[in-house]
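Structure, as structure tokens:
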Amino acid sequence: MQAKKPSESRTIMTDMVLPSETNPLNNLFGGELLARMDRAASIAARRHSRRITVTASVNHVAFNQSVPVGSVLTVEAAVSRAFTTSMEVYIDVWMEDRYNGKRSKANEAIYTFVAVDETGKPTEVPPLEPESALEKERFDAALRRKQLSLVLAGKMKPKEATELRALFME
Ligand SMILES: CCCCCCCCCCCCCCCC(=O)SCCNC(=O)CCNC(=O)[C@H](O)C(C)(C)COP(=O)(O)OP(=O)(O)OC[C@H]1O[C@@H](n2cnc3c(N)ncnc32)[C@H](O)[C@@H]1OP(=O)(O)O
């Protein structure tokens, strides 16, 4: 299968924060943000694989900054590494200040998607070829994150997580 670049899966969704999506402090619900990220990441995984994709795990989410009602939020997702049937998707969330238009990083998350056929059976995806320094950095660390996710899910024995263990031996 021919390798693809992260730019081929990059998905950018911009939308505003409505009052119905906020908590009593008038900030965006965490669950609403997770759903927006899932939608963008799912499209990125589909653009990379051209297959049906399912969310296998949410590996990392950091709510660094609250997002007030009325904010304009941009969710940017791209495949950061493809394995055999799974893809890691890195999501950056940017917030635009409603008064001065200044853009700041509001959130970051990493999701894992698996490409499946019509029967739900995992199916192979094209490899990923990172280009920029940031894409290469995310690509390199993705294997350790996959191993951590599998260990936490009870799908891999810690002693088999060679690259992850090496991180703690340095
Ligand atoms: C084109 C443009 C227009 C597109 C326009 C479309 C718009 C579209 C909008 C849709 C809007 C939103 C859509 C969201 C998508 C859902 O929300 S999907 C619903 C939620 N997710 C699910 O229901 C998934 C349920 N789980 C499953 O089906 C199975 O567990 C899975 C994920 C297929 C994995 O099955 P399995 O038996 O564990 O398979 P296995 O062969 O062991 O593992 C397969 C791969 O998954 C990896 N894996 C399994 N578990 C984990 C884990 N916990 N952590 C990391 N990796 C894991 C394995 O390592 C393996 O990776 P590879 O080494 O092959 O790369």
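If you read the sequence from its start, that first residue is 1, and numbering goes on from there. As the structure lists them, so they are numbered: ligands from 1, and atoms in each ligand from 1. Note: hydrogens, waters and symmetry copies are ignored here, and every other heavy atom, side chains too, is used.
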Within the protein, is there a heavy atom lying under 4.0 Å from [atom]?
atom	answer
atom 21 (N) of ligand 1	yes
atom 31 (C) of ligand 1	no
atom 65 (O) of ligand 1	yes
atom 25 (C) of ligand 1	no
atom 36 (P) of ligand 1	no
atom 61 (O) of ligand 1	yes

When you check the gap from the basic side-chain N to the acidic O, do [X] and [Y] get nearer than 4.0 Å?
X	Y	answer
R10	E76	yes
R39	D15	no
R51	D117	no
E160	R165	no

Enumerate the atoms of ligand 1 whose separation from the nearest heavy atom of [X] is less than 4.0 angstrom.
X	value
A56	32 (C)
T112	55 (C), 56 (N)
K155	38 (O), 49 (C), 50 (N)
K146	58 (C), 59 (O), 60 (C), 61 (O), 62 (P), 63 (O), 65 (O)
A153	53 (N)

Between T85 and E124, do the side chains contain a donor N or O and an acceptor N or O under 3.5 Å apart? no

Could you tell me whether the side chains of E108 and Y90 share a donor-acceptor contact shorter than 3.5 Å? yes

Which is it for R145 and I110 under the side chain to side chain contact (heavy atoms under 4.5 Å, CB included) test, yes or no, and what are the steps along the way? CA-CA 9 Å; R145 287 192 288 266; I110 301 167; 3.5 Å; yes

Taken in chain and number order and not counting sequence neighbours, the residues that satisfy salt bridge (charged side-chain N to carboxylate O under 4.0 Å, His left out) with D38 are none

Is any side-chain heavy atom of R81 less than 4.5 Å from a side-chain heavy atom of M87? no

Note, L34 side chain near V61 side chain (heavy atom, < 4.5 Å): yes

With side chain to side chain contact (heavy atoms under 4.5 Å, CB included) as the criterion, how do T55 and Y111 come out once you've worked through the C-alpha distance, each side chain's angles and the decisive distance to 0.1 Å? CA-CA 7 Å; T55 316; Y111 284 46; 4.0 Å; yes

If you have a sec, work out which protein heavy atom is nearest [atom] and how many Å separate them, to one decimal?
atom	result
atom 28 (O) of ligand 1	V54 CG2, 4.3 Å
atom 14 (C) of ligand 1	D38 OD2, 3.4 Å
atom 52 (C) of ligand 1	S149 OG, 3.6 Å
atom 39 (O) of ligand 1	P122 CG, 3.7 Å
atom 46 (O) of ligand 1	V114 CG2, 3.2 Å
atom 3 (C) of ligand 1	I43 CG2, 4.4 Å

Taking the minimum heavy-atom distance to [atom], which of [options] ranks first?
atom	options	value
atom 11 (C) of ligand 1	S42, S86, G154	S42
atom 16 (C) of ligand 1	T53, N59, T55	T55
atom 51 (C) of ligand 1	V151, L150, L152, V125	L150

Determine, step by step, whether V67 and N27 satisfy the side chain to side chain contact (heavy atoms under 4.5 Å, CB included) criterion, reporting the C-alpha distance in whole Å, the side-chain angles of both residues, the deciding distance to 0.1 Å, and the verdict. CA-CA 5 Å; V67 181; N27 294 322; 5.9 Å; no

Within-cut-off N or O pair, [X] and ligand 1, under 3.5 Å:
X	result
T85	yes
R46	no
T84	yes

So is R50 in contact with ligand 1, going by heavy-atom distances below 4.0 Å? yes

Which residue is it: E131, K136, R138? I am looking for the one with a side chain to side chain contact (heavy atoms under 4.5 Å, CB included) to L134. R138

Quick one: list whatever passes side chain to side chain donor-acceptor pair (under 3.5 Å) with S86, sequence neighbours left out. K146

